[in-house]
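Worksheet for the structure shown next.
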2 protein chains.
Amino acid sequence: MANQLNLRIDRSSPVPLYHQVVQGIEAAIHTGVLEPGSRLENEIDLAAQLNLSRPTMRKAMDELVRSGLLVRKRGVGTQVVSSQVRRPLELSSLYDDLSNNGSKPTTDVLSFSHEEADAAIRKALQLPAGAKVYHFARLRKVGGKPLALMENWVRDDITAIDEAALASQGLYGILRNGGVNFRLASQRIGAMIANDYQAPLLETTAGSALVTMERTAVDDTGRMVETGHHVYRADSYSFEMTLVQR
Amino acid sequence: MANQLNLRIDRSSPVPLYHQVVQGIEAAIHTGVLEPGSRLENEIDLAAQLNLSRPTMRKAMDELVRSGLLVRKRGVGTQVVSSQVRRPLELSSLYDDLSNNGSKPTTDVLSFSHEEADAAIRKALQLPAGAKVYHFARLRKVGGKPLALMENWVRDDITAIDEAALASQGLYGILRNGGVNFRLASQRIGAMIANDYQAPLLETTAGSALVTMERTAVDDTGRMVETGHHVYRADSYSFEMTLVQR
DNA sequence: AACATTCTAATGTCAGGACAAACTATTGAC
DNA sequence: GTCAATAGTTTGTCCTGACATTAGAATGTT
């Protein structure tokens, strides 16, 4: 078979060996060195070729299987999954997604306040009575075209937030700089009809379709950091994801 | 601390040890034995208590972290994250979801044919020219109320499908019985406005909001098995999921 | 009292080995 | 020639052991 994966493992690098393998195989699939549908060599030989132990090799493959790039079958082997299966939905913000895509998003801060959280928000963020939060609404545009209308509530005991930072940086960037390590988020995606408030802001007509998303994000200490309600123009945004059977 | 997790590991069971641990901890979180925010004992002690090796214990915890129930932090420990964080979106069908929920879904088969695939479907399922597929539209109701309008294309070289089976069983059930082991699916969720065809079938008015979902499912041999386009009434359905940072 | 240093506890990474289970393909029997 | 038993390949599970890295607490110094 002579796969010639051409992976180079740098044992002096701080990035873990299994992750170097993940990156290498991802790159090979992306550049077409590994064609969709082709079979990989077996784990043991691959590990031997790279001077790695099998557990390390397996850990790398586990990740690739989980992310939907590979499919394994006992007694048969490991295959590069077909094709145009896209990236899984990742824990990132809209701002990141757009930036990575080469677009240049801009943000209008429509309202901003530092106020006492009401009962619903306290429940969502698991805050005690009397706690204060940042509450703000933003309009995100890309290429001058409005794309999303976002309303968020953020706990105030992590880092200070002000209007100017929000206009220039994106919420998740601010929070990460403030030392927040996001770990997970639960979200709900649905649909609604644009109302008279939303329609002009999104430069569409009342009655057009919007994608809705509610999200609550948790950091590595288990705190609920942020909750929000976003709406997107259905003609310019949709959620893509890959589900993996376990 | 004396966690008293009260897990029992059955070494004679065919279910893997790490999975027994996963189930046990899931149950403990679900029943409230492990409270949200509480810290678990460290991996090594837990493994010792259950007479398991640390890698096995870690594998169990990895899964729980991935599913969003636990949060780990190096040098600190492992915490129950929960609260109302919901289940991740799983690779299952609407029929399964509803059945597991105690509801009793019914299905009307609106159209059914066994026809030659057009170019778009051949591309989505990666079929050669001239290949035939099953093509059908279904209306899914729960409690007599219409919920989803589904149009699907399924390759015909796996198992035979007929109208009667579709009306009584759910597509994924039929395919699983036919020997298909689903591995992953890529899907896209968006929104649209109900048109004159969809509205009466879903017993709503033209212009109301619908959630749209396009999905292509892949089995363990890497074959694209099924692709479809579904629309749901936005007032009765939304997609919930948990995203985990890696 | 404030600060830097050291220590400890916990998770993160990696190795090497052993056996089990599932699928494929070949071989053998009828 | 068809079908069943068998052997071989590959992934799945599990073990023991070791060291690295990080976060936070305790300690000591100024």
Side-chain angles (χ1 to χ4, degrees), chain A residues 1 3 9-23 25 38-66 70-81 179-181 183 219-223 245-246, chain B residues 1 3 9-23 25 38-66 70-81 179-181 183 219-223 245-246:
Chain A
M1 184 169 282
N3 240 316
I9 302 299
D10 177 7
R11 296 192 90 95
S12 68
S13 160
V15 28
L17 301 183
Y18 68 86
H19 199 249
Q20 293 185 37
V21 176
V22 168
Q23 292 174 325
I25 296 182
S38 65
R39 275 227 310 280
L40 289 178
E41 289 184 74
N42 72 63
E43 305 173 342
I44 299 179
D45 290 351
L46 273 178
Q49 285 173 30
L50 297 173
N51 275 98
L52 297 172
S53 69
R54 181 153 88 111
T56 301
M57 195 65 209
R58 268 188 76 76
K59 175 143 190 174
M61 297 192 133
D62 273 347
E63 291 217 6
L64 291 163
V65 167
R66 213 177 310 127
L70 298 180
V71 168
R72 282 191 293 197
K73 204 171 176 185
R74 192 190 292 199
V76 179
T78 305
Q79 234 183 343
V80 179
V81 92
V180 176
N181 297 112
R183 272 305 146 86
D219 75 356
D220 57 1
T221 66
R223 282 186 305 195
Q245 179 85 338
R246 290 216 48 83
Chain B
M1 184 169 284
N3 240 317
I9 302 299
D10 177 6
R11 295 192 92 93
S12 67
S13 160
V15 29
L17 301 183
Y18 68 86
H19 199 250
Q20 293 185 37
V21 176
V22 168
Q23 292 175 325
I25 295 182
S38 65
R39 275 228 312 279
L40 290 178
E41 288 183 75
N42 70 65
E43 306 173 344
I44 299 180
D45 290 351
L46 273 178
Q49 285 172 29
L50 298 172
N51 274 99
L52 296 172
S53 69
R54 182 152 88 111
T56 301
M57 195 67 209
R58 268 189 75 76
K59 174 142 192 176
M61 295 189 137
D62 273 347
E63 291 218 4
L64 290 163
V65 168
R66 213 175 309 127
L70 299 180
V71 167
R72 282 191 293 197
K73 203 172 176 185
R74 190 191 291 200
V76 180
T78 307
Q79 236 183 343
V80 180
V81 72
V180 176
N181 298 111
R183 271 306 147 87
D219 76 356
D220 57 2
T221 65
R223 285 185 302 196
Q245 177 87 339
R246 287 219 48 82

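Every chain is numbered from 1 and lettered A, B, ... according to where its sequence line falls, protein lines coming before strand lines.
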Hey, what are the protein-to-nucleotides 9-16 of chain C N/O distances that come in under 3.5 Å?
| residue | atom | partner | partner atom | Å |
| --- | --- | --- | --- | --- |
| C:dA10 | OP2 | B:Asn42 | ND2 | 3.3 |
| C:dT11 | OP1 | B:Thr78 | OG1 | 3.0 |
| C:dT11 | OP2 | B:Glu43 | N | 2.8 |
| C:dG12 | OP2 | B:Arg58 | NH1 | 2.8 |
| C:dG12 | OP2 | B:Arg58 | NH2 | 2.9 |
| C:dG12 | OP2 | B:Arg72 | NE | 3.3 |
| C:dG12 | OP2 | B:Arg72 | NH1 | 3.2 |
| C:dG12 | O4' | B:Arg74 | NE | 3.3 |
| C:dG12 | O4' | B:Arg74 | NH2 | 3.3 |
| C:dG12 | N7 | B:Arg54 | NH2 | 3.4 |
| C:dG12 | O6 | B:Arg54 | NH2 | 2.6 |
| C:dT13 | OP1 | A:Tyr18 | OH | 2.7 |
| C:dT13 | OP2 | A:Tyr18 | OH | 3.0 |
| C:dT13 | O4 | B:Arg54 | NH2 | 3.2 |
| C:dC14 | OP1 | A:Leu17 | N | 2.5 |
| C:dC14 | OP2 | A:Leu17 | N | 3.1 |
| C:dC14 | OP2 | A:Tyr18 | N | 3.3 |
| C:dA15 | OP1 | A:Arg11 | NH2 | 2.6 |
| C:dA15 | OP2 | A:Ser53 | N | 3.0 |
| C:dA15 | OP2 | A:Ser53 | OG | 2.9 |
| C:dA15 | OP2 | A:Thr56 | OG1 | 2.6 |

Set out, line by line, the N/O atom pairs under 3.5 Å between protein and nucleotides 3-5 of chain D.
none

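Atom CG of B:Asp219 is separated from atom NZ of A:Lys73 by 7.0 Å, given to the nearest 0.5 angstrom. Interatomic distance, CD1 of A:Ile44 versus CE of A:Met57, reported as 11.5 Å (0.5 Å rounding).
Contact between A:Arg72 and A:Thr78 at its shortest, heavy atoms only, is CG-OG1, 3.3 Å. Of all non-hydrogen atoms in B:Gln23 and B:Val15, the two that sit nearest each other are OE1-CG2, 4.4 Å.
Judged purely by atom type and a 3.5 angstrom limit, A:Glu43 has no side-chain atom pairing as donor or acceptor with the backbone of A:Arg54.
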Carefully, step by step, assess A:Ile9 and A:Asn51 under the rule side-chain contact (heavy atoms from CB on, under 4.5 Å). CA-CA 9 Å; A:Ile9 302 299; A:Asn51 275 98; over 6 Å; no

List the steps and the verdict of side-chain contact (heavy atoms from CB on, under 4.5 Å) for A:Leu70 and A:Val80. CA-CA 5 Å; A:Leu70 298 180; A:Val80 179; 4.1 Å; yes

